Protein chains: 2
Amino acid sequence: MQPSPTAEQDAPSARQQAVLDAVLGLMVEDRDQLTMDAVARRASCSKETLYKWFGDRDGLLTATVRWQASRVHAGYDTAQVLDGATLRERLQDFAVTWLEVITGPTSVALNRIAIAHAGSHKSNLGGIVLANGRFAIGERVKPVLEAGRAVGLLAFADSEAAFRTFFGLVGRDIQIRLLLGEALDLCGDEIRRDADRAVDQFLALYGQVKPEPNHQT
Amino acid sequence: MQPSPTAEQDAPSARQQAVLDAVLGLMVEDRDQLTMDAVARRASCSKETLYKWFGDRDGLLTATVRWQASRVHAGYDTAQVLDGATLRERLQDFAVTWLEVITGPTSVALNRIAIAHAGSHKSNLGGIVLANGRFAIGERVKPVLEAGRAVGLLAFADSEAAFRTFFGLVGRDIQIRLLLGEALDLCGDEIRRDADRAVDQFLALYGQVKPEPNHQT
DNA sequence: GGCGTACCGTACCGTACGGTACGCCCTTTA
DNA sequence: TAAAGGGCGTACCGTACGGTACGGTACGCC
């Protein structure tokens, strides 16, 4: 395997994407059925091709995680004028998106794989998942928070800390419960209510102009 | 969480506890070296005994999780008169304890195992971990919150929801980052500061008498 | 002393899975 | 039409690991 000692960063070909989707499918369906044979069968390709393209099992997993990550990145849509309503809306948007992601079966499966892998030294899927999940959304939210502070809508010293509070208010115990196998499926409505509550609470903590605290379930 | 749904709840004998501790040790050191052979070697017992005592690998894992859970339960210490200072102190106590638990290597390893197991149908370690972690602390915190409400220090409609907010404010992104393999070791001091901040924020959201908001990093 | 029980150590078995080799088909190119 | 190459299917190999069997030892009991 000459051509790429580190890893195939290049966007996978259509056929390769199909393979990676097959991997995702298997992950979601049943994690411990995720064998090279099963992938080859599902993707209708030979194992030899798998090894040629991805090096080894780990490479395949890594490529899959990258592939999934590559299509999560929603477009930015950077700042217009920021008033209280837009700020709130932006934050709600982030919260809803994030909740939808972490409650999705693909995310759950992927995180399980990455966590199972973590600590087992080699090729950290965990790092990739973190970079494209938790940290990616952090980098997208923080500018919004800072813009809010710039126009006097928010007050905080450390945007990272502020974001982490926001993250905690949004996610709470949901992700860990899902990862540990609790059923717990939220419908879109519940997600929206959760996001509302989280944003309300966040603004109550960091907002300069306090809206009357309506929700308080 | 009933103490005995099905199997062998009886407290393990001293020898058996030693075996389970060996399992915990291996888990923490290197998860994928956690083989029946390795356990037998580490615990200086025969595999046959392992199977006799615990049935199969799953039984051993389950017993280990239960064993670890059994020594986490700190004593209650139910309510004295509850004033603002004691309430705050109790909450800080919970927050510190919880952070110490989830940042501990044993917890991380155990959660990784349970998560890896989850979704793989059979014998849910995830359920046990949840019951003795997230839910156990919930059942211990909620009475405190309710006591706080009873004396007018807190205001909320749903103690479960209030607790979940507390949980989110305390844990934020810490557990998922650790599980995914980030280094991130908090010293006792940071944990205490984190707990302080979380309690401040929680009281700011749910407290009736607002203490001046000092921390706001 | 003889016997049963509990347990250690180790050898052994079956299987599942990661990884490799090879034959065949199909498409492309000359 | 022929040669070449990419890729599919399948058979195969080595090994690691869950689980079992068996010999050997210590101990308690009749």
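No experiment lies behind these values; they were computed from the predicted model shown. Reminder, nothing fancy here: chain letters follow the sequence lines and each chain counts from 1. Both backbone and side-chain heavy atoms feed into the values below; hydrogens, waters and symmetry mates do not.
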So which nucleotide from D:dG19, C:dT20, D:dC8 ends up closest to the side chain of A:Tyr51?
C:dT20
A:Arg140 charged N/C atom sitting above A:Phe94 aromatic ring, 6.0 Å / 45°:
no
Given C:dC8, C:dG19, D:dG18, the nucleotide with the shortest approach to the side chain of B:Arg15:
C:dC8
Residue-phosphate contact under 4.0 Å: B:Ser46 side-chain N/O, C:dG9 OP1/OP2:
no
OP1 or OP2 of C:dC7 sitting under 4.0 Å from any side-chain N/O of B:Thr49?
no
note: A:Leu26, atom CG; C:dG18, atom P; distance rounded to Å ~ 12 Å
Choosing from C:dC8, C:dG18, D:dT20, which nucleotide comes nearest the side chain of A:Met36?
C:dG18
At under 4.0 Å, does any side-chain N or O of A:Arg42 touch on OP1 or OP2 of D:dC8?
no
What integer distance in Å separates A:Arg57:CZ from C:dA16:C1'?
12 Å
Out of C:dA21, C:dC8, C:dG19, whichever nucleotide has its closest atom nearest the side chain of A:Glu48:
C:dA21
Base-pairing mate for D:dA16 - Watson-Crick or G-U, with both contacts under 3.5 Å:
C:dT15
For C:dG18, does either OP1 or OP2 sit under 4.0 Å from a side-chain N or O belonging to A:Thr35?
yes
Identified pairing partner of C:dA30, criterion: Watson-Crick or G-U wobble below 3.5 Å:
D:dT1
How are the rings of A:Phe167 and A:Trp98 set relative to one another: parallel (under 30°), tilted (30 to 60°) or perpendicular (over 60°)?
tilted
Here the distance between atom P of D:dT20 and atom CG of B:Leu50, to the nearest Å, is 12 Å
Check B:Glu160 with A:Arg172, please: is the shortest side-chain N to carboxylate O separation under 4.0 Å?
no
So what does B:Arg41 hit on the nucleic acid, given a heavy-atom distance under 4.0 Å: a base, only sugar-phosphate, or nothing?
nothing
Who is the Watson-Crick or G-U wobble partner of D:dG28, with both distances under 3.5 Å?
C:dC3
When you check the gap from the basic side-chain N to the acidic O, do B:Asp189 and B:Arg192 get nearer than 4.0 Å?
yes
State whether A:Arg42 and A:Glu29 are salt-bridged, where the test is any N-O pair (Lys NZ or Arg NE/NH1/NH2 against Asp/Glu carboxylate O) under 4.0 Å.
yes
Opposite nucleotide pairing with C:dC25, Watson-Crick or G-U, both atom distances under 3.5 Å:
D:dG6
Shortest non-hydrogen contact from B:Tyr206 toward A:Gln201
OH-NE2, 3.1 Å
Rounded interatomic separation in angstrom, taking NZ from A:Lys52 and P from C:dT20:
14 Å
Could you state the CH2-C1' distance from B:Trp53 to C:dC8, rounded to the nearest angstrom?
11 Å
Once you round it to whole Å, what is the distance between P of C:dC12 and NZ of B:Lys47?
14 Å
Separation of D:dC17 atom P from B:Leu34 atom CG, nearest Å, is 10 Å
Atom CG of A:Asp37 to atom C1' of D:dT10: distance rounded to whole Å?
10 Å
